[in-house]
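Down below is the structure, laid out as structure tokens.
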Amino acid sequence: MDLWYAPTSPFARKVRIAAAELGLADRIVLVETDPWTNHRLRLINPLAKVPTLVLDDGDVLFESAVICDYLDAAERRLFPADGATRWQTLMLQGLADGAMAAVGRLFAEERKPASERSDAMLARFSVARDATLDRLDREMLQYEPLIGEIAVAALIGYLDFRWPDRDWRGGRPTLARWFERFRERPSMTSTRHRLPRSAV
Ligand SMILES: N[C@@H](CCC(=O)N[C@@H](CS)C(=O)NCC(=O)O)C(=O)O
């Protein structure tokens, strides 16, 4: 399988963490790309986004939640088949994914020249980030992850990568404690963000 990814993408990292947790990382060939400039990506994914997974038979999957679900299909370790836990973990994934989209837009907005920045957008994305972190501080996050924990770890890893000096941990001791331990998992240490090296 080929995983088209960008080393700065939290959604792609979510898939890589899930693959590592499932012991599938070495079945995946990583194809580093820049989704903004690589026109070949749009030939296989109309949205031209990462992550995009090309299966061995040539079928293509996109959307990180779909790719993670596919990787988990053989064992059902990350996505419980039914029951309350299923809905809780899917909700957590949805929340973390939504916050990742908001902070991705926040990062792009902050990088614009001051004259082009929108205070309303900056405020909206910041509030989404802060409200999500407050909510996550009240969640019972586990160390043996389901997909919800993996998505939360990808979100927080991205915050640390893009804003290393911001203190999101202050006032959120439960979440901070959970992440201090979770970030040491091999699935996390083997998938750290970095700036792009090359782009196909
Ligand atoms: N909902 C998608 C979001 C993927 C996404 O937004 N990826 C970003 C990189 S973090 C991207 O490829 N952006 C390029 C674009 O928006 O054109 C998922 O879960 O996979």
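Whatever order the structure lists ligands and atoms in, that order sets their numbers, starting from 1. Only a predicted model underlies this, so the values are computations on that prediction, with no experimental measurement involved.
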min-distance protein heavy atom vs atom 10 (S) of ligand 1 -> S9 OG, 3.2 Å
Counting only N and O atoms by type, is there a donor-acceptor contact under 3.5 Å from the side chain of E32 to the main-chain atoms of R197? yes
Using a 4.0 Å heavy-atom threshold (strictly under), name the region of W36 that reaches ligand 1: side chain, backbone, both or neither. side chain
Exam field: side chain R185 to backbone Y143, donor-acceptor pair closer than 3.5 Å: yes
Test item: W168 side-chain N/O and L133 main-chain N/O as donor-acceptor pair under 3.5 Å: no
Using 4.0 Å as the upper bound for N to carboxylate O, is an ion pair formed by R166 and D160? no
Tell me whether L71 is reachable from V31 by hopping between hydrophobic residues (I, L, V, M, F, W, Y) whose side-chain heavy atoms are closer than 4.5 Å. no
Give a yes/no on ligand 1: does G104 have at least one heavy atom closer than 4.0 angstrom to it? no
At under 4.0 Å between heavy atoms, what of P35 touches ligand 1? The answer is side chain
Within 45° of the ring axis of F107 and under 6.0 Å from its six-membered ring centre, is that where the NZ or CZ of R162 lies? yes
Non-hydrogen atoms of P10 versus ligand 1: any pair closer than 4.0 Å? yes
To the nearest 0.1 Å, how far is atom 4 (C) of ligand 1 from its closest protein heavy atom, and which atom is that? V50 O, 3.3 Å
Ignoring hydrogens, just give me the one of E63, K49, M100, R13 whose non-hydrogen atom is nearest atom 6 (O) of ligand 1. K49
For atom 19 (O) of ligand 1, grab the closest protein heavy atom and report residue, atom and distance to one decimal in Å. S64 OG, 2.7 Å
